[in-house]
Amino acid sequence: MAIQRTFSIIKPDATKRNLTGAVNAKIEAAGLRIIAQKRIRMTRANAETFYAVHKDRPFFGELVEFMISEPVVVQVLEGEGAIAKYREVMGATDPAEAAEGTIRKEFALSKGENSVHGSDAPETAAEEIAYFFAGMEITG
Ligand code: ATP
Ligand code: MG
């Protein structure tokens, strides 16, 4: 498996509860490298654009309000098969269905307030990284 990059967000429920370091420890323990990271406050436009694929879902409004409710930490992760590996480390969307030891099993509060985002495919990873980071912010 090739070295890949994926995009991660430590969501408001986690930053609010001081879990940035705990989430990062899980990421690094899985062998993923945090090659870029910054704490930002998403605007409503950022959140609506980022989750545009879900705009017709009943939870969209709630999701946008949640993502702008507190700062988030956006990251670029790198490693062998990073996209699938990070999805595995994150666990299922709903923490009640997430496997033992995953970030969402340990930290998520609900299906909505589920602590982290990770890209789901190479194309979305590239788009999401380019939306949040300038090339010179990623040092490898
Ligand atoms: P993400 O895209 O954030 O990495 P995911 O790929 O596991 O999560 P998606 O189906 O893409 O899950 O949903 C995006 C986000 O929308 C979820 O992470 C969660 O925060 C929220 N969400 C999804 N389903 C629901 C729901 N039924 N109720 C409330 N919020 C939801
Ligand atoms: Mg998703």
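Ligands are counted one by one from 1 in listed order, and the atoms in each one are counted from 1 as well.
- For atom 22 (N) of ligand 1, the nearest protein heavy atom (residue, atom name, distance) is F59 CE1, 3.6 Å.
- Inspection of the T15 and E70 side chains reveals no N or O donor paired with an N or O acceptor under 3.5 Å.
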Step by step, work out the salt bridge (charged side-chain N to carboxylate O under 4.0 Å, His left out) result for R33 and E78.
CA-CA 5 Å; R33 301 181 65 79; E78 187 176 78; 5.4 Å; no
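- Here's the thing with L63: none of its N/O atoms is less than 3.5 angstrom from an N/O atom of ligand 1.
- When hydrogens are left out, the protein atom nearest atom 12 (O) of ligand 1 is T93 OG1, 3.4 Å; that is the closest non-hydrogen contact.
- Nearest to atom 27 (N) of ligand 1 by heavy atom, out of E113, R104, K111, is K111.
- For ligand 1, the polar-atom distance check finds an N/O of G112 within less than 3.5 Å of one of the ligand's N/O atoms.
- Applying the 4.0 Å criterion to heavy atoms of K11 picks out, from ligand 1, the atoms 3 (O), 17 (C), 18 (O), 20 (O).
- Nearest-heavy-atom check against atom 6 (O) of ligand 1 across R87, H117, E62, E128 picks out R87.
- Under the 30°/60° scheme for interplanar angles, the aromatic rings of F7 and H117 are found to be tilted.
- Closest to atom 3 (O) of ligand 1 among all protein heavy atoms lies Y51 OH, 2.7 Å.
- A cation-pi arrangement, defined by a distance under 6.0 Å to the six-membered ring centre and an angle within 45 degrees of its axis, is present between K38 and F133.
- Side chain of K26 to backbone of G101: a donor-acceptor contact under 3.5 angstrom is found.
- Residues passing the ring-ring contact (aromatic ring centres under 6.0 Å, His included) test with F59 are H54, sequence neighbours excluded.
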